[in-house]
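Here is the structure we will look at.
For the single chain, residues carry numbers from 1 onward in sequence order.
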Amino acid sequence: MPNADNLLTLAEISVALAALSGLVAVFLSRGELNLLDKFRFSLIIAVACTNTLCAFVPLWVERWVRDEESIWRIASIICVVVAVTFGAAILYRLPSIYPLVPSDVSLGRRLLEPLVFGLGGTILVLNTVGWPLPPNATAHELFLVLGLFAMALLFASIVLIRPIDPEDN
């Protein structure tokens, strides 16, 4: 597969960013993570797991399927299922987390990560159905890059946006 190096590199970056985020989260909280930082860090871990799994899926599918379009269609279907599973778990927790975000954080900033996740999911679904282009590696890689972008935003929020009242958590 000509894209194997790109996929493996994206998986490595995901794992490295998750590890760095863990170190920073622990050092910033002095060993006691508050609820908001736990949620952000668990979200980073979920995105890193999704990215890593979705980077390896086309390599596994290629072992059984030889048609290029079918490889990317099947890989996108599997990644949609994985992303929806993680997304459902995240949406379940979201209402209890938003009250902890400081009020001076703009609504646009609060919605930025969900928009990035939604765009990534849309790209995967379009790659699955083959519209407007046939299923391809570029759309799959774009989904992974958007996951890295979301991880970077979450990492920045751990560092820059501190909870309202950490003593309550």
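Inter-residue side-chain proximity for L10 and L148 is flagged as met; some heavy-atom pair is nearer than 4.5 Å. Contact annotation: the side chain of L8 approaches that of L59 to within less than 4.5 Å [non-hydrogen atoms, C-beta and beyond]. You'll find the side chain of F86 stays beyond 4.5 Å of the side chain of V47, heavy atoms only. L17 has its side chain out of reach of I44: every pair of non-hydrogen atoms, C-beta onward, lies at least 4.5 Å apart. Side-chain contact check for L7 versus F56: every heavy-atom pair is 4.5 Å or farther apart. Looking at F143 and T50, their side chains come closer than 4.5 Å, going by heavy atoms from C-beta outward.
Using a 4.5 Å cut-off between side-chain heavy atoms of Ile, Leu, Val, Met, Phe, Trp and Tyr, with links allowed through other members, L142 and V116 fall into the same hydrophobic cluster. In the hydrophobic clustering of this structure, I74 does not group with L126; members are Ile, Leu, Val, Met, Phe, Trp, Tyr whose side-chain heavy atoms approach within less than 4.5 Å, directly or through other members. If you chain together hydrophobic residues whose side chains sit under 4.5 Å apart, L160 and M151 fall into the same group. Under a hydrophobic clustering in which Ile, Leu, Val, Met, Phe, Trp and Tyr are joined whenever their side-chain heavy atoms come within less than 4.5 Å, directly or via other members, V15 and W60 fall into different clusters. In the hydrophobic clustering of ILVMFWY residues, with side-chain heavy atoms under 4.5 Å counting as a link, V159 and V26 come out apart.
Taking both residues in full, the closest heavy atoms of C54 and H140 are given as O-NE2, 2.8 Å, listed atom of the first, atom of the second, then distance. Across all non-hydrogen atoms, the minimal contact from F41 to S21 is CE1-C, 3.8 Å.
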Side chain to side chain contact (heavy atoms under 4.5 Å, CB included) between W72 and V61: does it pass, once the steps are laid out? CA-CA 9 Å; W72 296 111; V61 170; over 6 Å; no

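Under the 3.5 Å distance criterion, the side-chain polar atoms of N127 are matched with a main-chain donor or acceptor of N136. A side-chain donor-acceptor contact under 3.5 Å links R73 to the backbone of T128. Distance alone, capped at 3.5 Å, places no donor-acceptor pair between the R40 side chain and the F155 backbone.
Summarising the geometry, atom OG belonging to S14 is positioned 10.5 Å from atom CD1 belonging to I45; distances are rounded to the nearest 0.5 Å. Atom-to-atom distance recorded for T122:OG1 and F117:CZ is 13.0 Å, nearest 0.5 angstrom. Residue I71 holds its CD1 atom at 12.5 Å from CZ of R63, rounded to the nearest 0.5 Å. Between atom CH2 of residue W64 and atom OG of residue S70 there is a gap of 15.0 Å, rounded to the nearest 0.5 Å. Between the OG1 atom of T138 and the CD1 atom of I123 there is a distance of 11.0 Å, given to the nearest 0.5 Å. Atom CG in L124 sits 11.5 Å away from atom CD1 in I78 (nearest 0.5 Å).
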